[in-house]
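Note sheet for the following structure.
Throughout, protein chains are lettered first and strands after them, A, B, ... in sequence-line order, and every chain is numbered starting at 1.
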There are 2 protein chains.
Amino acid sequence: MELNNTTQYAIRMLSYIANSHGKLQNAKELSQILAIPYKFLTKIMTELVKSEFIISIRGREGGYKLAKPASQIMVLDILNQFGDIVKENQCILGIGTCDSENKCSLHDQWVTPKEMMIKMFAETSLENLEGDEFKI
Amino acid sequence: MELNNTTQYAIRMLSYIANSHGKLQNAKELSQILAIPYKFLTKIMTELVKSEFIISIRGREGGYKLAKPASQIMVLDILNQFGDIVKENQCILGIGTCDSENKCSLHDQWVTPKEMMIKMFAETSLENLEGDEFKI
DNA sequence: TCTTAATACTACCTTTAAGTAGTATTTAAT
DNA sequence: ATTAAATACTACTTAAAGGTAGTATTAAGA
Ligand code: SF4
Ligand code: SF4
């Protein structure tokens, strides 16, 4: 019951970059600051570049920056990119597709928290995650 | 964001056995009915026996039954046994320990669904999961 | 132009979860 | 006693996630 490691790293990386107001960030420093293994960070970063969350500048003095305003990058988009989705019909037990006709007794209790989580992920942008008072 | 496979199997196995009112169930049939690979099912079952969810009777005419009333086996106990826990202080991002003093903006939105889920798992017993109308 | 510091690419290694195979042990029925 | 049908044990294999290594490419700056 946790987001996978890669997703967590991606959120932290994007969140940190969102917080640096357009200044290019390079992988070496990010790796140290965020305590993410350098090679793994660059691997994830490349995926973020391909999926157009990030723009990279190669060569000396290069680095990474957001590809669009922080307010337009939702946490849910990141989860989707890394396959860490909470589907609308997803069963809490993972058994099947939730179906209000033929359901287990967890079903009704599961609907509300599931919807709250989806809403939370869908409505929270990197901008909302910004701020030095937060420990990301 | 899903329970792991082993946990899901365990819930379904226990749930089915809870539904059979004390009649011994054997691994071969369970495997067919629940569509869980026989060898994997017996492996999980052995863990359920050791952790005292299940009593096994060996030898011919043997099988499995609940070790205690269905009403006393909570879904949360099963999650705990298989390490699939939602901890009270667990961060939705998996980054650290949630701390209401120094928090990200997801924190407050995360508290409610998290508590609902924990409550749901803690208060739902195998008895609550019983019933032929449910598709487990 | 050469060096250096950055990202990108390809391929591999490691760890963990999931699943399988074979044998040993137990016990009721014959 | 023997057989058959069940669980238990030990060890292995496979698949997926997480992580690493080495090299190629790019571009600013001396
Ligand atoms: S009804 Fe229950 S078991 Fe069935 S899909 Fe929904 S949560 Fe899962
Ligand atoms: S405050 Fe936010 S980032 Fe920090 S532990 Fe809580 S949910 Fe996670």
Side-chain angles (χ1 to χ4, degrees), chain A residues 1-14 17 20 23-67 79 81-85 94-95, chain B residues 1-14 17 20 23-67 78-79 81-85 93-95:
Chain A
M1 287 301 293
E2 198 169 281
L3 298 179
N4 69 44
N5 231 332
T6 305
T7 310
Q8 292 177 24
Y9 285 159
I11 292 172
R12 291 173 57 214
M13 285 155 54
L14 286 165
I17 291 170
S20 56
K23 181 163 166 292
L24 282 187
Q25 298 293 331
N26 68 65
K28 194 176 166 200
E29 286 184 8
L30 286 172
S31 157
Q32 287 164 357
I33 293 167
L34 300 173
I36 298 172
Y38 174 80
K39 283 290 194 179
F40 197 28
L41 182 141
T42 59
K43 186 182 197 175
I44 296 167
M45 211 54 112
T46 299
E47 183 167 351
L48 290 172
V49 169
K50 287 193 175 146
S51 50
E52 301 183 323
F53 287 95
I54 289 283
I55 287 174
S56 66
I57 313 289
R58 295 179 67 163
R60 189 165 177 166
E61 305 292 296
Y64 301 102
K65 64 179 178 184
L66 292 189
L79 301 203
Q81 181 61 35
F82 292 93
D84 238 341
I85 39 182
I95 294 169
Chain B
M1 289 297 293
E2 198 169 282
L3 299 179
N4 70 42
N5 231 333
T6 305
T7 310
Q8 291 177 23
Y9 285 159
I11 292 173
R12 290 173 58 214
M13 285 155 52
L14 286 165
I17 291 170
S20 56
K23 180 165 167 290
L24 282 186
Q25 298 292 333
N26 68 66
K28 194 177 166 199
E29 286 183 7
L30 286 172
S31 158
Q32 287 164 357
I33 293 166
L34 299 173
I36 298 172
Y38 173 80
K39 283 289 194 179
F40 197 29
L41 183 141
T42 59
K43 188 183 199 175
I44 296 167
M45 211 54 112
T46 299
E47 183 167 351
L48 290 171
V49 169
K50 286 194 176 148
S51 51
E52 300 183 325
F53 286 94
I54 289 283
I55 287 174
S56 66
I57 313 289
R58 295 180 67 165
R60 189 165 177 166
E61 305 291 296
Y64 302 102
K65 64 180 179 184
L66 292 189
I78 307 170
L79 301 202
Q81 181 60 35
F82 293 93
D84 238 342
I85 37 182
L93 304 176
I95 294 167

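- Mapping S56(A) and T7(B) onto DNA chain C via the closest heavy atom, the residue that lands nearer the 5' end is S56(A).
- Nearest-nucleotide mapping onto DNA chain D: of Y38(A) and I57(A), the residue sitting toward the 5' end is Y38(A).
- Distances from the side chain of R58(B) to the nucleotides dT20(C), dA6(C), dT26(C) place dT26(C) closest.
- Two residues are said to be in side-chain contact when any heavy atoms from C-beta on lie closer than 4.5 Å; P37(B) and Y9(B) meet this criterion.
- Residue-level contact check: Y64(B) touches the backbone only, with heavy atoms under 4.0 Å from sugar-phosphate atoms and none from bases.
- Taking atom NZ on K39(B) and atom P on dA24(C), their separation rounds to 12 Å, with Å as the unit.
- The distance from atom CG of L3(B) to atom C1' of dA18(C) is 16 Å, rounded to the nearest whole Å.
- Residue-level contact check: T42(B) touches neither bases nor backbone, having no heavy atom under 4.0 Å from any strand.
- Between Q8(A) and N5(A), some side-chain heavy-atom pair lies under the 4.5 Å cut-off.
- Each of Q25(B) and K43(B) lies near DNA chain D, and the nucleotide nearest Q25(B) is the one positioned closer to the 5' end.
- Rounded to a whole Å, the CD1 atom of I44(A) is 15 Å from the C1' atom of dT7(C).
- Atom P of nucleotide dT15(C) and atom CZ of F40(A) are separated by 15 Å, given to the nearest angstrom.
- Spacing between atom CG of N5(B) and atom P of dT20(C) amounts to 11 Å, rounded to whole angstrom units.
- Using a 4.5 Å heavy-atom threshold, the side chains of I36(B) and L30(B) count as separate.
- F82(B) has its CZ atom 13 Å from the P atom of dA17(C), to the nearest Å.
- No option in L48(B), I55(B), I54(B), L14(B) other than I54(B) meets the side-chain contact (heavy atoms from CB on, under 4.5 Å) test with Y64(B).
- Between M45(B) and I17(B) the shortest side-chain heavy-atom distance falls below 4.5 Å.
- When every heavy atom of N26(B) is checked against every heavy atom of G62(B), the shortest pair comes out as CB-O, 4.2 Å.
- Nucleic acid contact class of Y9(B) (heavy atoms, under 4.0 Å, all strands): sugar-phosphate only.
- Using a 4.5 Å heavy-atom threshold, the side chains of M13(A) and L41(A) count as touching.
- Note that the first and last nucleotides of DNA chain D, 5' to 3', having any atom under 4.0 angstrom from a heavy atom of chain A are dG18(D) to dA28(D).
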